[in-house]
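Have a look at the structure below before the remarks.
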Amino acid sequence: MDRALLVASTICFLFGFAYTMYALGAGRYRPSRYNFTVIFAGFLLQTAFLFRRGEQLGRCPLSNLFEVLIFLSWSIVLLYLLVGPTYRLSLLGAFTSPLVVLFQVFALVAPIDSPPGAKIAPDPWLELHAALSIIAYGAFAMACVAGVMYLAQERQLKTHQIRSLFYHLPPISNLATATSQLLLCGFLLLTAGLLAGFVVGSPRPKVLWGVAVWLIYGAILHAGKLRWISPRRVALFSVLAFTLTLSTLWGLTFLAASRL
Amino acid sequence: MHVICQGLSHHAANVRLREEFAIPDSRLGETALHVRTMEGICEAVVLSTCNRVEVYAAATDSVAAFRSLDRFFHERAEGETDEVPFYRHAAPESVRHLFGVVCGLESMVLGETEILGQVKKAYQAAAESGSTSSCLNRLFQRSFNVAKEIRSQTNITRGSVSVGSVAVDLAEKIFGELTGCKVMILGAGETSELTARALRARGVRAIFVSNRSLARAEALAVEIGGKAIPFEGWDREFTGVDILISSTAAPRPLITAARLSPLMRLRQNRPLFVIDLAVPRDVEPEVNDLEGVYLYDIDSLQAITQQSLENRRREVSLCEQMIERHVRDFTGWLGRAGGPPPSPGAGETSPPGRRFHAAES
């Protein structure tokens with residue numbers, strides 16, 4: 001039943017993305033609530049899955065890479081639902097959905113899940129540390145998505161290659177603002193998550209990795225806010241930093257599983 | 001009941017001919033009322049724009065009605081009307097023609113949207129003067145729905161087809177809201193002025209004008225609600241400017257990458273949109289390589305307008321299909337209401353098989 005919820009949510013995201021791509025390709029794309037509604041439906045299914053898994057475990061479902069990936073996907077969609085309407089970023093769903101589909105399909109296909117073991121007493125600080133950190137990475141993922149959109153739009157402006165996508169993508173100023181706000185949101189959440197981790201007493205490599213990620217994003221945020229680097233470089237670094245963070249997520253989760 | 005249309009347009013009649021028959025907006029209602037009283041005609045709407053003068057009529061006797069319309073145009077002409085390239089349509093072609101007009105398919109600029117407002121104004125004037133009844137009321141209301149449907153479901157109005165509107169679109173994609181943007185005009189050419197006006201219309205409030213002739217700069221500044229600054233001091237204001245429109249008569253580039261680069265550092269990485277309308281160019285092309293600078297010259301702006309026009313032309317056949325469905329619906333109703341049954345080729349008083357002029361360009 002749990003997996004069926006996850007498969008259904010993946011289908012929702014895939015359907016929304018496929019429809020948008022078809023409409024864009026046919027030159028018939030119009031902003032509407034349809035994509036938002038489909039993604040919201042997928043979000044509800046993800047939430048239902050996480051709730052059921054949490055009930056089985058008796059704690060926040062972050063005990064293996066499978067659960068981390070689904071929780072991360074859920075965080076990304078949560079932030080999309082908050083950011084999209086706030087900044088009126090059309091097509092944000094079309095850029096977010098493939099990332100979420102990728103994570104969930106990988107999670108469903110790869111042998112990275114294990115049957116829930118016996119319930120153990122939850123450690124609130126540990127759960128707070130893990131949940132805040134993953135939601136922070138969700139914010140960094142959305143900053144990456146906004147960064148990709150910024151770079152795509154900015155490239156069209158710079159090279160004068162004005163295609164139909166140009167008219168649908170938001171202004172680069174809106175994308176730059178959204179990227180900065182998402183970086184700030186992620187940074188603050190990660191700060192809180194790390195502080196909770198210090199209370200728990202996480203393993204040293206994990207602490208070092210978390211602090212490294214915190215420093216990288218802190219540097220990007222600081223340089224962007226003080227205008228030491230251009231909005232284009234903020235977007236580029238957001239994409240690179242998330243790619244680096246994602247590529248080391250496996251190791252992080254292994255260490256997390258050894259503790260949770 | 002017959003629905004007929006007679007008129008002339010920019011496709012075949014030059015401006016001298018069209019101005020002979022033009023009717024001011026204030027007289028559209030009374031003119032429609034006058035046409036309605038003519039033999040064979042029971043309802044009338046008169047449309048007069050810079051590109052066309054047309055009369056739409058609901059008639060009990062189409063032969064007598066066309067004779068009346070000939071008389072109407074003859075009364076307005078200064079000379080003989082035998083050589084005037086009028087077109088005359090009866091249903092379904094008259095219906096098809098109206099739907100094409102309101103959707104901008106017959107306009108000088110394909111897909112332009114101003115015509116819809118003009119047709120609405122003409123219809124309102126006729127309705128207020130009592131010149132319309134059930135037939136033309138239904139026809140014109142349907143035409144407005146057709147225009148709305150085509151605008152929302154096709155790309156016929158998408159993209160900008162003038163240099164000024166392309167510049168505004170680009171500015172909005174860079175800055176989003178333009179109300180907080182500062183614009184500087186270097187040189188006081190006509191295209192610069194039009195572009196500045198287009199930006200003003202979209203919310204730009206602060207416009208600076210700089211020209212070698214301060215008097216000319218001041219005159220333009222007054223016209224567009226800006227502020228004139230001496231030409232020698234334009235670069236002092238530059239750090240606060242977001243959009244630069246340049247069209248001086250300088251023989252060599254005024255703005256080079258070497259000159260602009262230190263100024264960009266003072267701008268703290270804020271983007272700069274440069275529109276170079278001059279020939280020879282005022283801005284060195286290498287300026288576009290600077291981070292945060294988006295440089296467009298006249299060729300690149302015109303290439304975008306051409307691409308937009310081409311995209312619109314590709315939408316014409318889809319628009320025609322959608323219009324045809326509505327023509328069938330309306331002529332079906334007309335037949336049930338006592339009009340002549342629609343038949344292939346009926347109403348083709350223009351060359352047979354003619355579709356919208358847009359498809360021919």
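The figures here come from the full heavy-atom set of this structure, side chains too, leaving out hydrogens, waters and symmetry mates.
The 12-atom threshold is not exceeded at CD of B/Glu190, counting heavy atoms of other residues, nucleotides or ligands nearer than 6.0 Å. No more than 12 heavy atoms of other residues, nucleotides or ligands lie within 6.0 Å of NZ in B/Lys148, so this atom counts as exposed by the packing criterion. Under a cut-off of 6.0 angstrom, the local environment of CZ in A/Phe36 is crowded, with over 12 non-hydrogen atoms contributed by other residues, nucleotides or ligands. For OH of A/Tyr22, the number of neighbouring non-hydrogen atoms (other residues, nucleotides, ligands) closer than 6.0 Å is 12 at most. Atom CZ of A/Arg233 is surrounded by 12 or fewer heavy atoms from other residues, nucleotides or ligands within 6.0 Å. Within 6.0 Å of OH on A/Tyr167 lie more than 12 heavy atoms contributed by other residues, nucleotides or ligands. Within a 6.0 Å radius of OH in A/Tyr19, other residues, nucleotides and ligands contribute 12 heavy atoms or fewer.
Using a 4.5 Å cut-off between heavy atoms, A/Leu175 does not touch chain B at all. Residue B/Glu172 touches chain A through its backbone alone, counting heavy-atom pairs closer than 4.5 Å. Only the side chain of B/Leu318 comes within contact range of chain A, with heavy atoms under 4.5 Å apart. Heavy atoms closer than 4.5 Å to chain A are found nowhere in B/Asn311, neither backbone nor side chain. Of the two parts of B/Ser308, only the side chain, counted from C-beta on, holds a non-hydrogen atom closer than 4.5 Å to a non-hydrogen atom of chain A. With a threshold of 4.5 angstrom between heavy atoms, A/Glu154 approaches chain B through its backbone and through its side chain. Within the 4.5 angstrom heavy-atom criterion, only side-chain atoms of B/Ile304, from C-beta onward, approach chain A.
Remark: B/Tyr294 OH to A/Thr159 OG1 distance equals 11.0 Å, nearest 0.5 Å.
The most heavy-atom pairs under 4.5 Å with chain A, out of B/Asp169, B/Asn155, B/Val293, come from B/Asn155. In terms of heavy-atom pairs under 4.5 Å with chain A, the best-connected choice from B/Arg314, B/Arg270, B/Arg265, B/Gln153 is B/Gln153. Counting heavy-atom pairs closer than 4.5 Å to chain B, the top-ranked of the candidates A/Ile172, A/Ile229, A/Thr177, A/Leu169 is A/Ile172.
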Criterion side chain to side chain contact (heavy atoms under 4.5 Å, CB included) on B/Asn288 and A/Lys158, from CA distance to verdict: CA-CA 7 Å; B/Asn288 194 49; A/Lys158 206 63 157 144; 4.2 Å; yes
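Across A/Ser173 and B/Gly176, no two heavy atoms sit closer than the pair OG-N, 3.4 Å. Contact between A/Leu157 and B/Tyr296 at its shortest, heavy atoms only, is O-OH, 2.6 Å. When every heavy atom of A/His160 is checked against every heavy atom of B/Leu295, the shortest pair comes out as NE2-O, 2.7 Å. Across B/Lys173 and A/Gln153, no two heavy atoms sit closer than the pair CD-NE2, 3.5 Å. The minimum heavy-atom distance linking A/Ile162 with B/Leu170 is given by the pair CD1-CD2, 4.2 Å.
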